[in-house]
Amino acid sequence: MPTLYDKIWADHLIGEREDGQSLLYIDLQLLHEVTSPQAFAGLAQAGRMLWRRQANLATPDHNVPTENRAAGIDGIADSVAREQVVALDDNCRQHGVRQFDMLDPRQGIVHVMGPEQGATLPGMTIVCGDSHTSTHGAFGALAQGVGTSEVEHVMATQCLAQSKARNMAVQINGNLPAGVYAKDLALALIGRIGTAGATGHTIEYQGEAVRALSMEGRMTLCNLSIEAGARAGLVAVDDTTLEYLEDRPLAPSGSEWQAALAHWQELVSDSDAEFDSAASLDAAALMPQVTWGTSPEMVAGIEEVTPNPNQAADPTEADGIERALAYMGLAAEQPIADIRLDRIFIGSCTNARLEDLRVAASIVSGRRVASNIKQALVVPGSGLVKQAAEAEGLADIFTAAGFEWRAPGCSMCLAMNPDKLLPGEHCASTSNRNFEGRQGHGGRTHLVSPAMAAAAAVAGRFVDVRQWL
Amino acid sequence: MKAFRRETGLAAPLDRANVDTDQIIPKQFLKSIKRTGFGDNLFDAWRFLDEGDIGLTPNERRLNHRFVLNQPRYQEAGVLLARRNFGCGSSREHAVWALLEYGFFAVVAPSFADIFFENCFKNGLLPIRLDEALVDDLFGRAQGDGGLELTIDLEAQRIELPDGGELAFEVPSSARRKLLDGLDDIGLTLAQADRIRAFETSYHQRRPWLKRGVGASEAAAP
């Protein structure tokens with residue numbers, strides 16, 4: 001009666017350390033330039049080596065510029081950011097770690113690149129010094145975001161020392177209506193259970209709406225697990241998973257593929273598996289979601305209004321609502337569809353895969369970005385997504401509509417690179433966090449699906465994309 | 001890592017829920033390749049009215065006098081009192097480095113986000129979970145006249161209040177041991193290196209497709 005999480009945990013459990021922590025064997029560590037330099041430095045300081053260099057895969061993503069990419073590292077105007085990318089290069093060379101560097105077409109956001117290359121496989125344990133590592137759970141892999149000390153720990157020992165999380169089942173029944181996507185599912189769930197709703201848990205997403213999602217959709221859903229507080233998110237392996245993986249460059253082939261299949265097909269929770277907690281959602285009843293505040297749980301449907309702090313459950317919540325409305329420049333009970341926008345960002349590890357760009361392009365095709373929009377950016381998740389989107393004409397659709405078509409990276413999701421909001425600007429963003437200042441000092445972020453961001457670009461304010469299909 | 005046994009300090013009340021790590025240390029300061037230099041930019045967007053960047057020192061900045069940590073009475077605070085779900089969001093360990101460097105040795109809140117909670121113990125910052133009603137009471141005292149000085153005894157898992165009162169707390173036993181002895185986490189695991197190696201060998205026999213890994217850089221080290 002084990003759950004999927006129990007099975008992966010047991011498969012990687014080495015045993016207990018003397019202090020009682022469990023040692024969990026880690027199959028893959030993804031590295032990027034922001035959270036790895038201190039870990040590499042720590043290794044050097046202690047005179048330690050990588051335990052297993054072929055278990056590490058690196059690419060720069062967080063602060064790479066999305067323009068002038070042909071110039072490579074020399075194209076990074078910010079000398080401090082450049083130093084980080086140079087450090088990643090040096091560290092990878094020195095330790096023999098494989099890296100897709102800034103000039104490599106496979107470079108991209110770690111959580112887009114890993115699955116795309118087939119580096120992410122079912123049943124694996126994966127870590128990365130980035131909280132959105134939960135993305136890889138879409139493949140039935142236990143993927144956890146960790147801090148830099150743990151990055152160094154995995155580099156040196158190939159293990160995580162941790163205690164087991166609890167199991168949470170999220171059941172999503174029904175079929176998603178047209179114009180409503182995995183992003184809306186995830187935001188609605190976070191709105192329901194809160195950003196601490198799954199703290200201490202590994203979520204397994206179940207139900208017909210999850211089974212019906214493509215791998216891209218499942219990645220979006222698992223990506224946002226961390227915004228519900230979860231340690232990790234999981235989706236059980238099925239034919240959709242296997243079809244995606246077959247023939248990926250780093251996926252097994254031939255007899256190894258056959259051997260792997262036999263194992264992967266066991267990667268589902270037993271029918272009588274017991275979960276410590278549960279939540280459910282009816283996909284069929286959902287409408288497009290828009291965040292109005294400064295936490296992903298501050299979300300409403302497109303036909304709804306912002307909340308009134310007077311109706312909050314307790315003073316702490318009321319204070320949070322009031323503060324968020326003030327920061328966002330919104331009134332209580334203001335219709336979501338009244339929110340006017342200044343910038344549009346289509347990108348990030350949440351929503352910058354080919355499927356996301358296809359949906360957005362289908363909305364903007366033959367239309368123009370509204371005159372009040374100062375900038376509309378499309379930042380593909382990887383160089384390969386960019387190439388594919390260009391080959392099928394999506395880039396032309398975006399540029400004809402007035403979008404800027406950029407090179408891959410995290411970009412305006414966290415605005416470590418030059419792409420950012422100015423104080424007071426409202427942005428419809430397909431990213432994952434609407435925290436104060438996240439996309440730029442004083443910037444106001446509204447999280448939405450790619451379709452909603454595309455429609456908002458054309459209308460200049462939020463509109464119900466279901467009416468545009 | 002420095003050992004943590006018993007520390008005394010003033011409590012500063014940060015009265016808002018869901019404080020995320022983007023607020024604790026904003027992204028522009030993550031470009032550093034070091035573990036130090038973050039204390040000046042703790043809660044940067046709340047402590048200062050102007051936008052901060054690497055290289056600007058606090059005395060070149062416009063202070064937000066309304067922010068709690070800027071009030072003269074909380075200048076020497078060592079304990080941060082916070083509300084529920086403290087440290088949510090990004091996994092950046094820089095948030096913990098910034099809190100420590102600023103001068104905090106403990107954070108007391110009703111709940112913490114998982115990754116932040118783990119990161120604290122790796123660096124000697126003590127996250128203490130207390131019931132919401134107890135935290136409420138501490139807020140009241142810290143905001144009152146004279147402030148609130150707390151002594152935190154990790155060995156006894158006890159907070160000592162100025163009026164002689166005591167509050168019991170619990171931290172995971174493995175983390176507590178590590179903090180008390182200032183142990184090197186990696187060293188602790190490497191003491192099991194033979195066991196890890198044996199596991200790895202049998203694991204790769206069971207899962208042969210994972211043995212090869214993702215390859216190595218062309219300029220691979222020997």
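So that the names make sense, note that chain A is the first sequence line, chain B the second, and so on, each numbered from 1. Here the structure is a predicted model, which means the values were calculated and not measured.
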Classify the angle between the aromatic ring planes of Y203(B) and H12(A) as parallel (below 30°), tilted (30 to 60°) or perpendicular (above 60°).
-> tilted
Got a salt bridge between R323(A) and D15(B), using NZ or NE/NH1/NH2 to carboxylate O under 4.0 Å?
-> no
Name the region of V146(A), side chain, backbone, both or neither, that has any atom closer than 4.5 Å to a heavy atom of chain B.
-> backbone
Look at D319(A) together with R16(B) and state whether they make a salt bridge at an N to O cut-off of under 4.0 Å.
-> no
Does any heavy atom of chain B fall under 4.5 Å from the side chain of N432(A), the backbone, both, or neither of them?
-> neither
Determine the interplanar angle of the H204(B) and Y25(A) rings, folded into 0 to 90°, and report it as parallel if under 30°, tilted if 30 to 60°, perpendicular if over 60°.
-> perpendicular
Side chain from CB out, backbone as N, CA, C, O: work out which of these in Q158(A) comes under 4.5 Å of a heavy atom of chain B, or both, or neither.
-> side chain
Checked V96(B), N18(B), D185(B), L190(B) vs chain A; the most non-hydrogen pairs under 4.5 Å come from D185(B)
By a 4.5 Å heavy-atom criterion (distance strictly below it), what part of Q439(A) contacts chain B: side chain, backbone, both, or neither?
-> backbone
Highest number of heavy-atom pairs under 4.5 Å with chain A: which of H94(B), R83(B), R195(B), R206(B)?
-> R195(B)
Do any N or O atoms from the side chain of E118(B) and from the backbone of G147(A) form a donor-acceptor pair under 3.5 angstrom?
-> no
Checking L13(A) against chain B: side chain, backbone, both or neither under 4.5 Å from a heavy atom?
-> backbone
Do T35(A) and R92(B) have a side chain donor and acceptor closer than 3.5 Å?
-> no
Below 4.5 Å from any heavy atom of chain B, which atoms of R438(A) appear? Answer side chain, backbone, both or neither.
-> both
Before accepting this row, confirm whether a basic side-chain N of the pair R177(B)/D19(A) lies closer than 4.0 Å to the acidic partner's carboxylate O.
-> no
Can you say whether W257(A) sits under 4.5 Å from chain B via the side chain, the backbone, both, or neither, judging by heavy atoms?
-> neither
Side chain to side chain, S149(A) and E93(B), heavy atoms closer than 4.5 Å | yes
Give, as side chain, backbone, both or neither, the part of N417(A) having an atom under 4.5 angstrom from any heavy atom of chain B.
-> neither
Turns out that what part of L50(A) lies under 4.5 Å from chain B's heavy atoms comes down to neither
Does some side-chain heavy atom of T148(A) sit less than 4.5 Å from a side-chain heavy atom of K122(B)?
-> no
So which part of A251(A) gets closer than 4.5 Å to some heavy atom of chain B, the side chain, the backbone, both or neither?
-> backbone
So, R212(B) and E256(A), do they make that salt bridge, N to O below 4.0 Å?
-> yes
Looking only at G213(B), A113(B), G215(B), the option with the highest number of non-hydrogen pairs under 4.5 Å against chain A is G215(B)
Per-residue contact mode, L250(A) against chain B (heavy atom under 4.5 angstrom) = both
Which one of Q23(B), Q192(B), K178(B) has the most heavy-atom pairs closer than 4.5 Å to chain A?
-> Q23(B)
Option in R48(A), E297(A), H132(A), E227(A) with maximal non-hydrogen atom pairs under 4.5 Å from chain B = R48(A)
Output for pair (D50(B) CG, H441(A) NE2), nearest 0.5 Å, gives 7.0 Å
A260(A) versus chain B, heavy atoms under 4.5 Å apart: side chain, backbone, both or neither?
-> both
Top contributor to chain A interface from G52(B), G89(B), A45(B), S111(B) [non-hydrogen pairs under 4.5 Å] = G89(B)
Under a 4.5 Å heavy-atom cutoff, which of L210(B), T21(B), I196(B), N119(B) has the most pairs with chain A?
-> I196(B)
Turns out that what part of E16(A) lies under 4.5 Å from chain B's heavy atoms comes down to backbone
Do W97(B) and Q38(A) get their side chains close enough for a donor-acceptor pair, meaning under 3.5 Å?
-> no
